[in-house]
Amino acid sequence: MELVLTIGLDALSFVLTLLLVTLGLVIVYGMMNVINMAHGELFLLGAYTLVAAQSAGLPFWAGVLLAMLVVGLAGLLIEELVIRHVYGRPIDTILATWGLSIAIKQLIIIVFGPAAISLTNPLPGSVSVLGIDYPAYRLVIMAVSAFLAATVYLVLFRTSIGLQIRSVIANRGMAGSLGVNTRLMDRGTFAVGAALAGIAGAVMAPIMSVDPQMGVGFLIPAFLAVLVGGLNSLLGAVIGAGIIGGASTTLSSGMAQATAQICVFVIAIVVIRLFPNGLSKGFR
Amino acid sequence: MTRRLPLFLTIGIWVLLLLAPLALDDWRISQLAQFLTYGLFALSLAFIWGQAGILCFGQAIFFGIGAYLMALITLGKLPLLGESQWTGIILGAVGGGVGAFGLALFMLGGRGLSGAHLAIVTLCAAVVAEVAAQRWDFIGGFNGLLGVPPLVAPYTRDDMFLSSNETYFLVLAIVMAVYLLLLLISRSSFGTLLAAIRSNENRTRYFGFDVTVAKLFAFSLAGMISGLAGALFTAQFGFVSPPLVGFGLSTEVLIWVAVGGREVLLAAFVGAIFVRWVENLLSDKLGQYWLLAMGLMFIFVVILAPRGLFGRILNLSKSR
Amino acid sequence: METTPQILEVKEVTMRFGGIVALDGLNLSLRAGELRCILGPNGCGKTTLFNVLTGALRPTSGTVSFQGAMISGKSPAAIARLGISRKFQVPGIYPELSVIENIALPLAAANRHPGVWSLLRQRPDRARIAELMGFAGLSQKGHVTAAELSHGEKQKLEVMMLLATDADLLLLDEPTAGMSKGETSAIAALIRKLTSELGKTVLVIEHDMNFVRELDCPVTVMARGTVIADGSYDEVRHDPRVIECYLGRAA
């Protein structure tokens, strides 16, 4: 029973973090029809910003805030310098952002070196949850992720700017002709999507070994989550993250991590095959 | 003269390659033979991407299958199949083709995945393939297999290895044969069909063509050629390891083809050799900066030069 | 006297999308070699009808048969192979390919069995391509990329592509969209030739009344997913139901 609870909590924490990363992807895709292959590297950038902040002596939460700002800014730059030039060409966007991911990763290797870095846990020790001892920091991660995800949903579904964003996702041309400043929305949402990934990276960094390959490690599950849930759907992001994150953690507890990865992939592609537009859109 | 430039350049390049052993020493010829193998790999991706319009982020999966099969056979690990290198090469190609067929069948069946979805699935497949290869002890696990024997001369009795020149000519012959095959295919009505699928897939169905079968065939053929390249690679380098099936190599070949020019077969071929050659020259001096330069170069080419560096001057077709 | 056979029979076809009824028990039949126009206000179901005929949609109920065989429910590729070819409203040409390649593609399907193996052994039929380019007045533009053609030329190219398929039934969806008056007359003449000289059966969806008058053929008027009138252009023009349907529009 303890084991089940632990796995359950681990799964929840992974799902929530994955959701943050996935949300960024889905929002950017919905808004701009852009599949950002560099999204994983934005996650990576967030983690390494925290590394830099900590070695500069900044407290943990300042580091996370800095990660959000730095990666958000990076998002703005990327949108302006790269995305804007391949707008409307989905395959070229995939390629250009893929090139970007290579460049960003290599930049990080140049600056920080290729070896894995371990960060100190800002909140060591465990807390008693539902009768078991669970690492306190992981609970913090869950809380932060849940809070951010909830904020995103609240903004999107309860504010007027959120309405504008959703209108652009639903019908870009129409929204534009109704006076929505789509260009500003593009920049803004890309930056926010990036910032989300950056925060996720910073927050996850203390419990993972931070190395330059982390980006791909999160990108692949995020992509699978998006495909499983539905490329254009916010609800799909939740469903997808839930399935991929849940399956990943549960399977990893019972078998070698690598085998678990393979199983998750197989599950994902079977689902995608049966539901080519994602689970949120129904069976075809 | 300028209208016939692509033809002259094409013939010129092959003539130069044929005459290369006269000018280059053993070591450089071996290197060139290795470059030719990369070029062959690039041809397979150029065919599926440039001709058929299917972007694959995992082409190395099939290259790796070919490499692993060649290694396993020539190292005697699959006794039922013998130890002959020719079996290795042929089965390497077949294995690549079968792997590609399987993946394509899955992705294109039913309503089929769209271009972007397909690209992402192939990316995930490449990552998973590498992970799987690392865990499979029979094929060498994380370290792969070493000590793969070089190519053997079939016409001597003592199983003497092919000299550098002989290896070079063998690889060149294979590469030329594949190039001519792909050229013939692109000139046939099937080639026109692939171009139409690339341009407007849905419209093509309304003319009566079975688009899915055409894509399956093209993907499998590309997989076979990748597998062939992999088998030749292993015989020349003497080893095989998990990164050969992973997304790292898959991305590299994408870069070669994008930089060279995906729409023109020879441009992609030359692109692979060019990038590899520049890498050899500069990677010592640039070290880590080389990969950064590659990434930036890739972005540059995608945004500003979608035809690649050599696409226009090597384009044999009269239009565009 | 032997009656010409019905090449196309649409019987009681209904097409529902959720709550929307796009086609409502539609009946239509065409004789071989006939030229017919379909008119109707926007949303009356004309394009949906074409979608059903070409296999893009499977009718909710009712049947479609072509040359005696049931085609409702078959895939677009299978139906095309039986001899039905469609021209789309937005020119369905291949913008990146040359004019020659554009025509070569449907030509490769003309033998009705365009399997991979047979396509690999086939080379484009240069003579026939030249002939078709001649019909459309595009002989000098063989190697031009289709995207660079004028709008009228693109429409003509697409009609040539349909001819290349050697289809027996041609479905033309607003062939004059975006054309000038001169181009319209040229297309009308071309379409009349398709039936009178080449023996094709042609079904045209149109909006342009002048064009319909020039075609001088039987007209079927649709509204709300069903046929409301049938006859010559003049008969239909004065039909009270048609007038009511078009109330507010200049006839």
Side-chain angles (χ1 to χ4, degrees), chain A residues 29 33-35 37-38 41 81-86 89-111 113-114 216-217 219-221 223-224 226-227 231 256-266 268-270 272-278 284, chain B residues 49 53-55 57 103 105-121 123-136 142 246-248 250-252 254-255 257-259 262 286-304 306:
Chain A
Y29 183 76
N33 228 329
V34 164
I35 296 178
M37 302 288 280
E41 264 53 49
L81 293 175
V82 177
I83 308 284
R84 200 165 52 94
H85 297 285
V86 281
R89 292 145 57 181
I91 296 291
D92 283 345
T93 314
I94 291 179
L95 293 172
T97 50
W98 186 245
L100 204 55
S101 83
I102 296 173
I104 294 176
K105 183 161 72 175
Q106 205 53 30
L107 210 53
I108 287 180
I109 291 179
I110 290 172
V111 173
V216 175
L219 185 70
I220 301 293
F223 272 140
L224 291 177
V226 166
L227 286 177
L231 206 52
Q257 235 240 339
T259 324
Q261 247 183 314
I262 298 171
C263 289
V264 171
F265 176 66
V266 170
I269 59 180
V270 167
I272 292 169
R273 179 70 162 72
L274 293 173
F275 300 82
N277 287 321
R284 278 290 200 130
Chain B
W49 182 23
I54 299 176
L55 175 60
F57 267 92
L103 185 61
L105 196 63
F106 179 81
M107 295 189 302
L108 300 173
R111 280 184 65 224
L113 292 175
S114 78
H117 292 206
L118 194 141
I120 293 176
V121 169
L123 171 64
C124 300
V127 171
V128 168
E130 187 171 355
V131 165
Q134 285 168 347
R135 306 281 311 174
W136 196 356
F142 206 86
F247 85 99
S250 298
T251 316
E252 277 198 77
L254 262 177
I255 293 178
V257 171
V259 165
R262 77 176 96 117
L286 293 181
Q288 299 283 33
Y289 289 89
W290 167 250
L291 205 46
L292 177 61
M294 289 296 299
L296 293 173
M297 165 77 126
F298 191 49
I299 302 173
F300 174 85
V301 162
V302 168
I303 295 180
L304 293 173

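All values below come from the heavy atoms of this structure, side chains included, with hydrogens, waters and symmetry mates left out. Every chain is numbered from 1, with letters handed out A, B, ... down the list of sequences.
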Colleague: Would you name the heavy atoms of A:Ala258 and B:Val131 that are closest together and state the gap between them?
Modeller: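 Closest approach of A:Ala258 to B:Val131, heavy atoms only: CB-CG1, 3.3 Å.
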Colleague: Identify which part of B:Leu55 has an atom lying under 4.5 Å from any heavy atom of chain A, answering side chain, backbone, both or neither.
Modeller: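 It is the side chain, since no backbone atom gets that close.
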Colleague: Between A:Val270 and B:Phe106, what is the shortest heavy-atom contact and its length?
Modeller: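 Nearest pair, atom of A:Val270 first, then B:Phe106: N-CZ, 3.9 Å.
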Colleague: Heavy-atom distance under 4.5 Å to chain A: side chain of B:Ala125, backbone, both or neither?
Modeller: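 Answer is both: backbone and side chain atoms of B:Ala125 are under 4.5 Å from chain A.
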Colleague: Where is the tightest heavy-atom contact between A:Leu95 and B:Phe298, given as atom of each residue plus distance?
Modeller: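 Result for this residue pair: O-CE2, 3.2 Å.
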Colleague: Which atoms of A:Val226 come close to chain B, meaning under 4.5 Å heavy atom to heavy atom: side chain ones, backbone ones, both, or neither?
Modeller: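 Answer is neither: A:Val226 stays 4.5 Å or more from chain B.
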Colleague: Quick one: of B:Leu296, B:Leu291, B:Val121, B:Val301, who has the most non-hydrogen atom pairs under 4.5 Å with chain A?
Modeller: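 Winner by heavy-atom pair count: B:Leu291.
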Colleague: Distance from A:Trp98 atom CH2 to B:Leu123 atom CG, nearest 0.5 Å?
Modeller: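 That separation rounds to 5.0 Å.
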Colleague: Counting only heavy atoms closer than 4.5 Å, note whether B:Val127 contacts chain A via side chain, backbone, both or neither.
Modeller: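 Just its side chain gets close to chain A.
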Colleague: Closest approach of A:Ile262 and B:Ala132, non-hydrogen atoms and distance?
Modeller: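 Heavy atoms only, the tightest pair is CD1-CB, 3.6 Å.
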Colleague: Measure distances from B:Leu304 to the heavy atoms of chain A and classify the residue's part below 4.5 Å as side chain, backbone, both or neither.
Modeller: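 No part of B:Leu304 comes within 4.5 Å of chain A.
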Colleague: Below 4.5 Å from any heavy atom of chain A, which atoms of B:Trp136 appear? Answer side chain, backbone, both or neither.
Modeller: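 When you check distances to chain A, no heavy atom of B:Trp136 falls under 4.5 Å.
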Colleague: Given a strict heavy-atom distance threshold of 4.5 Å, which part of B:Leu113 is in contact with chain A: side chain, backbone, both, or neither?
Modeller: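 For B:Leu113, the contact with chain A is made by the side chain alone.
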Colleague: Drop me the distance from A:Arg273's CZ to B:Leu105's CG, to the nearest 0.5 angstrom.
Modeller: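 Rounded to the nearest 0.5 Å, the CZ-CG separation comes out at 7.5 Å.
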Colleague: Minimum heavy-atom separation for A:His85 and B:Ile303, please, with both atom names.
Modeller: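 Nearest pair, atom of A:His85 first, then B:Ile303: CB-CG2, 3.7 Å.
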Colleague: Does any heavy atom of chain B fall under 4.5 Å from the side chain of A:Val86, the backbone, both, or neither of them?
Modeller: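 When you check distances to chain B, only side chain atoms of A:Val86 fall under 4.5 Å.
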Colleague: Please tell me if the side chains of B:His117 and A:Phe223 come closer than 4.5 Å, counting only heavy atoms from C-beta onward.
Modeller: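 Side chain of B:His117 against side chain of A:Phe223, heavy atoms only: no contact under 4.5 Å found.
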Colleague: Does any heavy atom of chain B fall under 4.5 Å from the side chain of A:Ile35, the backbone, both, or neither of them?
Modeller: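 Looking at A:Ile35, just its side chain touches chain B.
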Colleague: Which atoms of B:Phe300 are under 4.5 Å from chain A, going by heavy atoms: the side chain, the backbone, both sets, or neither?
Modeller: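 Contact with chain A is absent: no heavy atom of B:Phe300 under 4.5 Å.
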Colleague: Over all heavy atoms of both residues, which pair between A:Asp92 and B:Val302 is shortest? Give the atoms and the distance, please.
Modeller: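 So the two residues come closest at O-CG1, 3.4 Å.
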Colleague: Could you go through A:Ile102 and B:Ile255, starting from their C-alpha distance and side-chain angles, then the distance that decides it, and tell me whether this counts as side chain to side chain contact (heavy atoms under 4.5 Å, CB included)?
Modeller: CA-CA 11 Å; A:Ile102 296 173; B:Ile255 293 178; 4.0 Å; yes
Colleague: To the nearest 0.5 Å, what is the distance between CZ on B:Phe247 and CD1 on A:Ile220?
Modeller: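 That separation rounds to 7.0 Å.
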Colleague: Under a 4.5 Å cut-off applied to non-hydrogen side-chain atoms, are A:Val266 and B:Val128 in contact?
Modeller: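 A:Val266 vs B:Val128: side chains apart.
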Colleague: In terms of heavy-atom proximity below 4.5 Å to chain B, should A:Leu227 be classed as side chain, backbone, both, or neither?
Modeller: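 Just the side chain, heavy atoms under 4.5 Å.
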Colleague: Based on non-hydrogen pairs under 4.5 Å, which of B:Gly295, B:Ala116, B:Cys124 is most in contact with chain A?
Modeller: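 The answer is B:Cys124.
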Colleague: Backbone N or O of A:Thr259 within a donor-acceptor pair of the B:Arg135 side chain at under 3.5 Å?
Modeller: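 It does not hold such a pair.
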Colleague: For the OH atom of B:Tyr289 and the CD1 atom of A:Ile109, what is their distance to the nearest 0.5 Å?
Modeller: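 One gets 12.0 Å once the value is rounded to the nearest 0.5 Å.
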